[in-house]
Amino acid sequence: MSGLTPTSDSTPFFSDDSEAEGPEEHGRATGEGTEEESASGVSRVRGLLTVSILCYINLLNYMDRFTVAGTIRHVESHDSQSLLLHQSYMFLAPLFGYLGDRYNRKYIMSVGITFWSLVTLASSYTPKEHFWALLLTRGLVGVGEASYSTIAPTIIADLYVKETRTNMLTFFYFAIPVGSGLGYIVGSQVSNAASDWHWALRVTPGLGLIAVFLLLFVVKEPRRGAIEARPENHLRQTSWLTDLQALSKNCSFVLSTFGFTAVAFVTGSLALWAPTFLFRAAVFTGEKTPCAKGQCASIDSLIFGVITCVTGVLGVVSGVQVSRRLRSKTPRADPLVCAAGLLLSAPFLYLAIVFAEASTIATYVFIFLGETFLSMNWAIVADILLYVVVPTRRSTAEALQIVISHLLGDAGSPYLIGVISDSLRKNDSFLWQFRSLQLSLLLCSFVSVVGGAFFLATALFIERDRDRAENYVPTDDEPIVVPKSGRSTRVPVSSVLI
């Protein structure tokens, strides 16, 4: 198939061909290169650089997204309206998932990130009185995020396998909590220093354009699925509808996606409301004075940002290490660790919310523990998706997971928390500003328990679905897609068999 045909670095944008050298040519060029290097067509050094660049971009992605959360008190004051600033990139994920399974991935990401950087810069010039303009520009930022989030993990999957892949995914997903924490810190501190929240949105665009340069001139497109030593006929591209049907029957993928949706729900709720909740608690207890200029909660955003960075790193590392140790005892280790992370986070988040009016220090301690357990899921969930889904469907699977987890998770959870808070608030007193938000945030603990149940259910199917993916053989009645001149055409299997 064309997806396995050796090509040069001049691969056009609308091509599913890899930039990698052919296996024979690469083997001669590297002499005693390893089998993995020959199969992927990317050298060991280039592979490490690629993962580092993808991690850098992922960090920028989450840093940009949570910069708004760090400045939210300066932008909009109504609980139920603040969510509208949340990124809407999930709606474009299926499109980029389709493209990512069929065309050159680094060019798709480069175009998307360029657009993302320019729109982010444009959003920093929207006046506060024109809230609709900020909504529009922040929504358009989703074009770049969708082009990257659905594709980047699949490139790592085509560079590494087994334990090495898990290690690289761990490194890659460090960027989520670290980038999120930096977003809080940059958002709150830059807006505070400049006395203008617009400046916080002008930090990431320049860094994004540097990322595009690195993508174009350093990253090399690996060959899809080749590193997993699959026969060529196992890698033929099927139609998008066939891919969707296959994924819908993959119980491990579906159940782990709903489990991850719970992670996204809780993460999104805390991301937007935790600093505001902590500030309102301090005002209610008399530790702080009411906010007059809109800059009062910057210290809470700073502290929460630091907590997010530290707990994210601890959670990702501990989750991977625990899972790795348990794999020698049970093949169901990954979903069981994910379930444990969510179930353990629930009581600590509950205690953090309840103790807010009694002790600020206790609240921060419980948030620290709750977020650490919650972060155990990030790298493991990505690993589960990659080994229960065949290579030619991974971008589509990433896109579906993004749509579901964000649509039902962090895209809606902050709004739901805000609506519940507004409905419970009897008046605008400091008591009810705090109490209504406190009661609405208790929903996070319940969702964590539900998410843990989904991961426990995933453990029932994980062995079967992983075996099916590793030994996948397409049936003769599956329509295949033959790319020709940049267009995909469905043809009968018999017409391409030799």
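Keep in mind that what you see is a predicted model, and the values were worked out from it rather than measured.
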Can you give me the closest heavy-atom contact between A459 and L336, atom names plus distance? CB-CD2, 4.0 Å
Mind checking the SG-CG spacing from C55 to L169? Nearest 0.5 Å is all I need. 11.0 Å
Exactly one of R327, R466, R394 clears salt bridge (Lys or Arg N to Asp or Glu O under 4.0 Å) with D383, and that residue is R327
Run the side-chain hydrogen bond (donor to acceptor under 3.5 Å, both in side chains) test against T372 and tell me which residues pass, sequence neighbours left out. none
Run the numbers on V51 and I155 for side chain to side chain contact (heavy atoms under 4.5 Å, CB included), then give the verdict. CA-CA 9 Å; V51 174; I155 293 181; over 6 Å; no
Note: T363 and A352 closest approach over all heavy atoms is CG2-O, 3.4 Å
Nearest non-hydrogen partners of P414 and G268, listed with the distance: CG-O, 3.5 Å
Mind running side chain to side chain donor-acceptor pair (under 3.5 Å) on S269 and S413 for me, showing each step along the way? CA-CA 6 Å; S269 299; S413 64; 3.2 Å; yes
Partners meeting ring-ring contact (aromatic ring centres under 6.0 Å, His included) with F348 (sequence neighbours left out): F373
Sequence neighbours excluded, which residues qualify as side-chain hydrogen bond (donor to acceptor under 3.5 Å, both in side chains) partners of Y387? D334
Of all the heavy-atom pairs spanning A346 and S445, show the shortest one and how long it is. O-OG, 3.1 Å
According to salt bridge (Lys or Arg N to Asp or Glu O under 4.0 Å), who are the partners of D465, at least two apart in sequence or on a separate chain? none
Taking all atoms of both residues into account, what is the closest heavy-atom pair of S448 and L349, and its distance? OG-CD1, 4.1 Å
Side-chain heavy-atom pair S345, V266 within 4.5 angstrom cut-off: no
Contacts satisfying salt bridge (Lys or Arg N to Asp or Glu O under 4.0 Å) that involve residues 436-464 (not counting sequence neighbours) are R332-E463
Heavy-atom count around F368 CZ within 6.0 Å, excluding the residue itself: above 12? yes
T360: which residues meet the side chain to side chain contact (heavy atoms under 4.5 Å, CB included) condition with it, sequence neighbours left out? E287, Y364
Pairs flagged by side-chain hydrogen bond (donor to acceptor under 3.5 Å, both in side chains) wherever residues 50-59 is involved - sequence neighbours left out: none
Might you work through the side chain to side chain contact (heavy atoms under 4.5 Å, CB included) test for V365 and F355, ending with a clear yes or no? CA-CA 10 Å; V365 171; F355 271 82; over 6 Å; no
Side-chain touch R280/R435, heavy atoms, less than 4.5 angstrom: no
Any side-chain heavy-atom pair of S117 and V212 under 4.5 Å: no
Contacts of R324 meeting side chain to side chain contact (heavy atoms under 4.5 Å, CB included) (sequence neighbours excluded), chain-then-number -> E163, T166, N167, V320, Q321
Do T392 and D101 have side-chain heavy atoms sitting under 4.5 Å apart? no
Those residues at least two apart in sequence (or on a different chain) that pass side-chain hydrogen bond (donor to acceptor under 3.5 Å, both in side chains) with D158 are R105
Counterpart residues, side-chain hydrogen bond (donor to acceptor under 3.5 Å, both in side chains), relative to T257 (two or more places apart): Q401
All side chain to side chain contact (heavy atoms under 4.5 Å, CB included) counterparts of A281, not counting sequence neighbours: A356, F434
Less than 4.5 Å apart, any side-chain heavy atom of I380 and any of V316? no
For the student: nearest non-hydrogen atoms of T261 and S405, plus distance: OG1-CA, 3.2 Å
Plane angle bin for F260 and W378 - parallel if under 30°, tilted between 30 and 60°, otherwise perpendicular: perpendicular
Excluding sequence neighbours, so at least two apart, what forms side chain to side chain contact (heavy atoms under 4.5 Å, CB included) with F454? L255, F258, V450
